[in-house]
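All remarks here apply to the structure that follows.
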Amino acid sequence: MNSISHLDEWPLPAFKLNNKLAIVESSEEAEKLVGSCSDFLDFVDEGSRQKALSFLLSSESAKPLELNFISKTGELFLGDVYSKWISDFSLNIVLVPKDNRLMEITNQLLSLRRRLQETDYDLLLEKERTEELLQQVRELSAPCIDLGKKHVLIPLFGDLDPHKIEVIRFHILNQVYENGAETVIMDLTAMEKLEQDGADYLKSLMQTFKVMGIEGIITGINPQHAQQLHHLQTGLDLHFVSSLQMVLASRNLLI
């Protein structure tokens, strides 16, 4: 390249290339920005090179092309490229760098998007852990206690809500089957609220026990529970006993 070029009159980085995109001349502003290079693609960012190559080798008139470049200090910057073929062997290029703040904002947005994606993933994991803990709490609120003599005690704790019902039903049936129980004692002493869907659940569960050939006993009923459970006796072979102690004493069972 010549030490003095007519392109130096340009206030922007300017280049003259040959048909192989080698730099024939470059302006003083161009060398300040990207240094002394032999090929235009040398300071085009790798991700933009194919795009630049297709654009520059096209003989058709086109709008400015936005590309990523690498300055002589190694920093990435964004710029618009204006090009015009003077002949089959000569191409003039003007590079208009964009405000670095735009690149900084772009990088900040990309960083924010990555953080949001990571946060979404962390929230998903936290949600899964929370759901697992909730399921464990629900299962623990209806433990199956083997009393011996093929008797199983199931004390219910808290409220019977639809979500809890779905979890503990599967849990209870599995535990009763694995223990080979012939009698199941459902103790409601520690159960707080019993809504209609909870009463319907108990009825359905007791019907399932009957189909399995298991005797069902319900104990620990308070006056509020009784209002919801008065219809369970109809069509079911159920025993209602006022307290768990009475059942254990009558059957010679020890906890």
Side-chain angles (χ1 to χ4, degrees), residues 116-255:
L116 286 173
Q117 290 172 343
E118 292 171 357
T119 300
D120 287 344
Y121 180 68
D122 290 341
L123 287 175
L124 178 62
L125 291 179
E126 188 62 30
K127 180 182 177 183
E128 290 177 350
R129 286 194 292 266
T130 301
E131 289 176 350
E132 290 176 359
L133 288 174
L134 284 174
Q135 179 161 332
Q136 291 177 17
V137 168
R138 288 167 180 156
E139 290 178 356
L140 289 172
S141 65
C144 294
I145 303 172
D146 186 2
L147 301 178
K149 298 182 181 179
K150 297 189 176 181
H151 284 63
V152 169
L153 169 65
I154 303 175
L156 297 179
F157 299 91
D159 302 334
L160 279 184
D161 59 76
H163 297 295
K164 178 177 175 181
I165 288 170
E166 289 301 318
V167 173
I168 66 176
R169 179 184 181 88
F170 180 78
H171 171 68
I172 287 173
L173 291 175
N174 275 347
Q175 290 296 310
V176 168
Y177 176 78
E178 290 176 3
N179 280 279
E182 294 181 358
T183 300
V184 173
I185 305 168
M186 302 286 293
D187 182 52
L188 311 186
T189 303
M191 193 171 66
E192 297 175 4
K193 293 182 181 179
L194 177 60
E195 303 297 338
Q196 187 58 52
D197 55 2
D200 293 340
Y201 154 72
L202 283 177
K203 181 177 181 179
S204 174
L205 186 59
M206 290 300 176
Q207 287 174 330
T208 303
F209 288 153
K210 184 177 180 180
V211 171
M212 296 171 66
I214 298 173
E215 177 189 13
I217 301 175
I218 297 179
T219 68
I221 300 173
N222 63 36
Q224 289 76 20
H225 298 158
Q227 293 178 14
Q228 299 291 345
L229 298 175
H230 70 277
H231 66 289
L232 292 189
Q233 184 64 37
T234 305
L236 291 177
D237 184 19
L238 286 180
H239 298 288
F240 290 89
V241 181
S242 60
S243 69
L244 176 61
Q245 288 78 7
M246 291 181 64
V247 177
L248 299 179
S250 66
R251 305 206 173 201
N252 297 316
L253 297 171
L254 296 175
I255 300 180

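Only heavy atoms go into these numbers, but all of them, side chains included; no hydrogens, no water, no symmetry mates.
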Would you be so kind as to tabulate the donor-acceptor pairs closer than 3.5 Å made by side chains of residues 242-250, with sequence neighbours excluded?
unit_1: Ser243; atom_1: OG; unit_2: Met246; atom_2: N; d: 3.4
unit_1: Ser250; atom_1: OG; unit_2: Met246; atom_2: O; d: 3.2
unit_1: Ser250; atom_1: OG; unit_2: Val247; atom_2: O; d: 2.9

Under the side chain to side chain contact (heavy atoms under 4.5 Å, CB included) test against Leu205, which residue among Ile172, Val184, Val176 passes? Ile172

Please collect all salt bridge (charged side-chain N to carboxylate O under 4.0 Å, His left out) contacts where either partner lies in residues 216-227, sequence neighbours excluded, each pair once. none

Report yes if the side chains of Val211 and Gln207 come closer than 4.5 Å at any heavy-atom pair, otherwise no. no

Gap between atom OG1 of Thr183 and atom CG of Leu153 - 0.5 Å precision: 12.0 Å

To the nearest 0.5 Å, atom CZ of Phe240 lies from atom OG1 of Thr219 at 10.5 Å

Go through the structure and list residues passing salt bridge (charged side-chain N to carboxylate O under 4.0 Å, His left out) with Lys150, not counting sequence neighbours. Glu182

Calculate, to the nearest 0.5 Å, the distance between atoms CZ and NE2 belonging to Arg251 and His151 respectively. 4.0 Å

In this structure, which one of Val152, Ile154, Leu147 forms a side chain to side chain contact (heavy atoms under 4.5 Å, CB included) with Ile185? Leu147

Leu173 CG to Gln175 CD distance, which is reported to the nearest 0.5 Å: 10.5 Å

Please report the shortest heavy-atom distance between Ile217 and Met206, naming the atom on each side. O-CE, 4.5 Å

